[in-house]
Amino acid sequence: MDTVIDELPLYWDGFTTTLALTLLSAAIALVLGTILGSFRVSPVPTLRWFGTAYVEIVRNTPLTLVFIFFVFVAPQLGWTPSGFFAPAVVALSVYTAAFVCEAVRSGINSVGLGQAEASRAIGLTFPQTLRLIVLPQAFRTVIPPLINIFIALTKNSSVAGGFFVAELFGVARQLANAHPADVIPVLVFIGVFYLIITIPAGLLAGYVERKVAFAR
Amino acid sequence: MSSILYDVAGPRTRRRTAIWSIVGALFVLGLLYLAYRQLDSRDQWDPERWQVFTDPPMGQTAEDVWRSLLVTGLGATARAAGIAAVIALTAGVLLAVLRMSASRWVSWPTTTVIEFFRGLPVVLLMFFGVIAIGLPIFWGVVFGLAVYNSAIFAEILRAGIVSLPKGQSEASYAIGLSRWQTLFTVLLPQAVRRMLPSLISQLVVLLKDTSLGFIIGYAELLRRLQTNTQFFGQRYWFQFFVVGAAIYIAVNFTLSRLAVYLEKRGTKKAAGGVARADQAQIPGTTATGMAGGADV
């Protein structure tokens, strides 16, 4: 226990790095995933295929392999980043975007067909239909899965610890080496820091989900 | 076909779609061409580099390379995933049953345990197994996978049970079955059938997560890619990456197709049919982060 208290600054560093990694990747994945999601529901076949191919390939690839690509393979292909934080963000974003894309797509598809048909029937234009009818309804459905993706992303960011980023899991390895006698409390506390993010986010997702269920 | 965003296209829209289709194709081809050029500038298409899989240098045979990837590497991945899946499914059933227990003293602690297991990164659990419990690397990997996935399986099964029509349990109580008999002979079998697509997609996730063993030093497929590049030289990283990714995608894709097939086939044996893998989340059960989040 004393070890944990002594090493609290290191824990804090790890925690903030995990948060930075997660939030940055979440923002990029959200943008990238929404673009890919709009590809998947667009009337243009080639864009739809591109979106589908991206999702199928990335979803069936382990995150560790994506990290291997950006950390070990990319330097062979001419991309040599200065540190390990940037490739970690890129790997997490590229991976998470596929799941955001799927959430966005199923959110849009969850809006009843009659809604859009009715709005077109009363003469709303495509942008109006999208802005006034479809997206506000899709948005509600998309939020709970997006929170779940964010939770998964938080846990997934631990993979970066295996690729030289000193986030929470990286700190766990460092501390386990430094204090072999106290590994159990040291690791339990790392777990607590993860739970500080994941459990409230999970409760939030459940709450929003119930709210949405009422609204429909 | 009419869809949520657009009606059946008329001639003018069809023409516009065709034009955008070409623009889209050019965009995709442009991206691919850029990637090709970048790889070419690094001589990655040089046949000599790919010969590492047909006629490798340094006194190795092609069989040695493929054996290290497919037999040793993929074999180790499959072994860890297989054993972990069996343990996780068994423990998952147990946790689901305990969580649905009538006694608060049983259900509440089980819920807490499930929430804790679900909220932790798998790689941390693996690391805990190896460093804190002192398991051998292989069992550390199995431990991490089994602990995490048992919680996920428990939630999937519970969601399955909750989603069954109420008449199922009412009828079985009415014919005099006990609580346990109802659970094990009426509800659980249907929940498993109903949730089969979700269970399979979670098995794909489990298989993918075996790769986390790479981080704690388990000699699975990805670690084999690395040892091969250490042996033949870093310049072969791209080639080994491509082959490793192809193996993973082929295996997972087959499993995913199986899930889709089962989903489509449906089954009349489960009251209410089979739940779609991505819609297995039942609103109002507070199964937070169940299917959607777990698949990531």
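Just so we're on the same page: letters track the sequence lines, and every chain starts at 1. Values reported hereafter were calculated over all heavy atoms of this structure, with side chains retained and with hydrogens, waters and symmetry mates removed.
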Heavy-atom check, side chain of A:I190 versus side chain of B:F128, under 4.5 Å: no
Step-by-step side chain to side chain contact (heavy atoms under 4.5 Å, CB included) determination, B:L124 to A:S158: CA-CA 8 Å; B:L124 184 65; A:S158 63; 5.9 Å; no
Enclosure of B:W108 CH2 (heavy-atom neighbours >12, cutoff 6.0 Å): no
Under the ring-ring contact (aromatic ring centres under 6.0 Å, His included) test, residues paired with A:F164 that sit two or more places apart: A:F84
Value rounded to 0.5 Å, distance of CD1 in A:I68 from OG in B:S211: 8.0 Å
Structural part of A:I57 lying under 4.5 Å from a heavy atom of chain B: both
Side chains of B:Y148 and A:K155 in contact at under 4.5 Å (non-hydrogen atoms): yes
Residue, of B:A18, B:A25, B:S41, B:G244, that accumulates the most heavy atom pairs under 4.5 Å with chain A: B:A25
Contact listing (chain A partner; residues 222-229 of chain B; heavy atom under 4.5 Å): B:L222, B:L225, B:Q226
By ring-ring contact (aromatic ring centres under 6.0 Å, His included) - contacts of A:Y194 (at least two apart): none
pair B:P121-A:F169: side-chain heavy atoms closer than 4.5 Å: no
Engaged part of A:F150 at the chain B interface, taking heavy atoms whose separation is under 4.5 Å: neither
Most contacts with chain B, counted as non-hydrogen pairs under 4.5 angstrom, among A:A172, A:P62, A:G162: A:P62
Crowding at CZ, A:F193 (>12 non-hydrogen neighbours, <6.0 Å): yes
Side-chain heavy atoms of A:R173 within contact of B:I215, under 4.5 Å: yes
B:W237 and A:F72 aromatic ring geometry - parallel, tilted or perpendicular at 30°/60° bounds: parallel
Nearest-0.5 Å distance, CD1 of residue A:I199 to CD of residue B:E115: 6.0 Å
Separation of A:E56 CD from B:R257 CZ (nearest 0.5 Å): 5.5 Å
Beyond-backbone contact of A:P45 with B:T17, side-chain heavy atoms, under 4.5 angstrom: yes
Proximal component of A:F50, with respect to chain B [non-hydrogen, under 4.5 Å]: side chain
Beyond-backbone contact of B:F214 with A:L65, side-chain heavy atoms, under 4.5 angstrom: no
Options B:A250, B:G119, B:G24, B:A245, ranked by heavy-atom pairs under 4.5 Å with chain A, top entry: B:G119
Heavy-atom proximity to chain B below 4.5 Å, by part of A:S42: backbone
For chain A, the option from B:F240, B:F127, B:F238 that forms the most heavy-atom pairs under 4.5 Å: B:F127
Interchain contact, A:F39 with chain B, by part (heavy-atom threshold 4.5 Å): side chain
Nearest atoms (heavy-atom pairs only) where B:K208 meets A:R59: NZ-O, 2.7 Å
Heavy-atom pair count under 4.5 Å with chain B, highest-scoring of A:L63, A:V188, A:T154, A:V159: A:V159
Check: A:T46 and B:F27 side chains under 4.5 Å, non-hydrogen atoms: no
B:A132 to A:I184 - nearest heavy-atom pair and separation: CB-CG1, 3.7 Å
Contact class of A:A176 relative to chain B, heavy atoms under 4.5 angstrom: side chain
Test item: B:S256 and A:N60 side chains (from C-beta on) under 4.5 Å apart, heavy atoms: yes
Best-contacting candidate, A:T64, A:V183, A:V44, against chain B by heavy atom pairs under 4.5 angstrom: A:T64
Salt bridge (Lys or Arg N to Asp or Glu O under 4.0 Å) partners of residues 228-251 of chain B, not counting sequence neighbours, each pair once: B:E48-B:R235
Region of B:L31 that comes under 4.5 Å of a non-hydrogen atom in chain A: side chain
Most contacts with chain B, counted as non-hydrogen pairs under 4.5 angstrom, among A:L146, A:T61, A:L187, A:T198: A:L187
Toward chain A, the part of B:L39 with a non-hydrogen atom under 4.5 Å: side chain
